[in-house]
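Heads up, the thing below is written out as structure tokens.
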Amino acid sequence: MNNIRLDISKAENFLPAGTLTAYVDKAKTALNAIETGKCPGNDFLGWITLPTDTTSQLLDDIKATAKVYREMCEYIVVVGIGGSYLGSRAVIEAMSDNFKWLKKDSKTPVVLFAGNNIGEDYLAELQELLKGKKFGVINISKSGTTTEPALAFRLLRKQCEDQRGKEEAKKVIVSITDAHKGAARAMATKEGYKTYVIPDNVGGRFSVLTPVGLLPIACAGLDIDQLIAGARDMQEATSGKVKAENNLSLQYAALRNVLYQEQGKKIEILANYQPKLHFIAEWWKQLFGESEGKDHKGIFPASVDLTTDLHSMGQWIQDGERSIMETVISVEHADHEVLFPHDDENLDGLNFLEGKRVDEVNKMAELGTQLAHVDGGVPNVRIVVPQISEYYIGQLIYFFEKACGISGNILGVNAFNQPGVEAYKKNMFALLNKPGYEAESKAIQERLRK
């Protein structure tokens, strides 16, 4: 099989001669620091060798659990937030029929997601949907105390037990959590739930290739062996042993940093022309945003779905402030063939497209947009994915993870922690009068009175 490909020529042209070479050298140093564990956050580097460390025994166990879910459930609710759900949702959405959820004859359960918001209407409507239905729950939380998933799991666990009985519910509730500690681990042990471990050395946004992502993906009927195989091949293709000019992750990390630090490109827009990749972009935004956004540094990650967003964001991208770079995920081969038909009246004037594939029209829109954006002053990077399959999605995931680690290290931040995430939680707990937050509550009330 081919690997995904990287074309940086339409971005490199924006740089003075020799500028990128200096950042490639920085990227090589950064990659070496990551692979030798000599970088900030080195206790969270387990993701680097995760593809090759994943055993066939673990994959077989996950597939066996997924088989139980598919046999016993019409719906499976994945409870988690951030990295605990974005990766699996990205892969499932990319690999699924766009209208699968409307097809009642589907052979696999519908995978739903909860615990990623505190929307009361969302939870009420989800519970209403699940009334009288055979459903199971995959609870993903290292601590078991994160507000959003803990709230959703409490509601769904009770509903599952009420509808199926406690003994049967045990067969369709799985906890993916810490190996030894935390509320989720304690509850799983007490109730006798099947469990999988979130490795201590893998952070949430890098966890899609652990059971966190693999179990929901397998439940959706997708091939996790191929997902891991793709990631494994990309692990090899992006290692420090590979020449810099052939290392996709290294080249991408170097380029985005030189554009940021030398050209003032503070925003990176990830674009795709395939609707199924929307949640790949959502996962990417968390990966880079949470990894690099520290110490008042970091490129702001944004995304657009094209051509859709050309009719909303296209004007800004073309003519707005020149603080942006654009990275396009380009899918080489579509799965289906739809030909443009002839129309005798030709009122829309589109008979010139007669007999062409819709994907050809889409590709020309992509090429035309690239040329227009480059002419408008937007450096353009193109990531070519041969087709949307588990294998190539596995490659894409690992490519971005490795590039993110290198890029954060070039930037000089700890790419593997997220200290800023706790600030809102402290304020929320204080406002809700959580025990132990009395001093914070008093301070906030004083601020609100001013």
Side-chain angles (χ1 to χ4, degrees), residues 1-7 9-10 89-108 110 220-223 226-227 230 269-284 302-318 326-376 378 380-397:
M1 287 189 178
N2 298 322
N3 284 343
I4 62 174
R5 305 190 301 278
L6 181 71
D7 180 3
S9 60
K10 298 295 190 298
R89 186 166 191 178
V91 177
I92 292 168
E93 296 273 350
M95 290 303 307
S96 296
D97 183 312
N98 285 296
F99 305 102
K100 176 183 175 182
W101 61 284
L102 288 172
K103 298 177 180 178
K104 295 181 180 179
D105 60 347
S106 176
K107 296 179 181 179
T108 56
V110 176
L222 303 177
D223 191 336
Q226 279 298 298
L227 187 76
I269 298 175
L270 187 72
N272 74 80
Y273 288 79
Q274 178 39 281
K276 291 182 177 185
L277 298 182
H278 173 82
F279 272 93
I280 290 288
E282 294 302 304
W283 169 80
W284 172 88
S303 64
V304 288
D305 298 318
L306 304 180
T307 61
T308 304
D309 289 337
L310 289 176
H311 299 265
S312 57
M313 292 299 295
Q315 173 62 43
W316 191 93
I317 296 170
Q318 186 69 42
E326 184 177 26
T327 297
V328 178
I329 301 176
S330 179
V331 179
E332 206 162 22
H333 301 291
D335 289 338
H336 304 285
E337 182 176 297
V338 178
L339 300 180
F340 207 87
H342 173 81
D343 184 87
D344 287 339
E345 296 187 7
N346 194 31
L347 294 177
D348 54 18
L350 294 180
N351 271 354
F352 75 96
L353 296 175
E354 180 183 344
K356 293 184 182 293
R357 288 185 62 181
V358 171
D359 191 56
E360 182 183 351
V361 179
N362 195 35
K363 291 290 196 304
M364 293 306 100
E366 178 186 330
L367 178 57
T369 303
Q370 181 193 55
L371 294 172
H373 288 179
V374 169
D375 289 345
V378 181
N380 187 285
V381 176
R382 189 164 174 257
I383 300 166
V384 182
V385 179
Q387 68 182 97
I388 297 180
S389 69
E390 291 95 337
Y391 178 79
Y392 288 118
I393 294 296
Q395 282 201 354
L396 189 65
I397 286 168

Using distance only, find each side-chain donor-acceptor pair of residues 345-355 under 3.5 Å and give its atom names and separation, not counting sequence neighbours.
from   : atom 1 : to     : atom 2 : distance (Å)
Asn346 : OD1    : Gly349 : N      : 3.4
Asn346 : OD1    : Leu350 : N      : 3.0
Asn346 : OD1    : Asn351 : N      : 2.9
Asp348 : OD1    : Leu350 : N      : 3.1
Asn351 : OD1    : Asp343 : N      : 3.1
Asn351 : ND2    : Asp343 : O      : 2.8
Glu354 : OE1    : His342 : ND1    : 2.9

Verdict with reasoning, Tyr392 to Val331, per side-chain contact (heavy atoms from CB on, under 4.5 Å): CA-CA 10 Å; Tyr392 288 118; Val331 179; over 6 Å; no

Lys356 and Leu339: CA distance, side-chain angles, deciding distance, side-chain contact (heavy atoms from CB on, under 4.5 Å) verdict: CA-CA 5 Å; Lys356 293 184 182 293; Leu339 300 180; over 6 Å; no

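Atom CD1 of Ile280 is separated from atom OG of Ser303 by 11.5 Å, given to the nearest 0.5 angstrom. Asn272 CG to Trp284 CH2: the interatomic distance, rounded to the nearest 0.5 Å, is 11.5 Å. Separation of atoms CD1 (Ile388) and CG (Leu396) is listed at 10.0 Å; rounding is to 0.5 Å. Of the inter-residue distances, the one linking Asp359 atom CG with His333 atom NE2 reads 9.5 Å to the nearest 0.5 angstrom. Distance OG1/Thr369 to CD1/Ile317: 9.0 Å, rounded to 0.5 Å.
When all heavy atoms of Val384 and Pro386 are compared, the closest pair comes out as O-CD, 3.8 Å. Residues Gly230 and Gln395 come closest through the heavy atom pair O-CG, 3.2 Å. Across Gln387 and Asp335, no two heavy atoms sit closer than the pair NE2-OD1, 4.2 Å. Residues Thr108 and Gly221 approach most closely at CG2-CA, 4.1 Å, considering heavy atoms. In terms of heavy-atom proximity, Lys100 sits nearest to Ala220 at NZ-O, 3.6 Å. Among all heavy-atom pairs drawn from Ile393 and Leu277, the shortest one is CD1-CD2, 4.4 Å.
In this view, Ala372 and Gln318 satisfy the side-chain contact (heavy atoms from CB on, under 4.5 Å) rule, not counting sequence neighbours. Applying the side-chain contact (heavy atoms from CB on, under 4.5 Å) criterion to Glu366, with sequence neighbours excluded, gives Tyr273, Val328, Ser330, Lys363, Arg382.
Checking side-chain atoms of Asp305 against main-chain N and O of Thr308 turns up no donor-acceptor pair under 3.5 Å. Side-chain N or O atoms of Glu93 include none that pairs as donor or acceptor with a backbone N or O of Phe279 at under 3.5 Å. Under a 3.5 Å cut-off, the side chain of Lys276 and the backbone N or O of Asn98 do not form any donor-acceptor pair.
Using a 4.5 Å cut-off on side-chain heavy atoms (C-beta onward), Glu332 and Arg5 make contact.
Remark: His311 NE2 is packed, more than 12 non-hydrogen atoms of other residues, nucleotides or ligands lying under 6.0 Å away.
A side chain to side chain contact (heavy atoms under 4.5 Å, CB included) with Glu326 is found for one member of Asn380, Val374, Leu270 and no other, namely Asn380.
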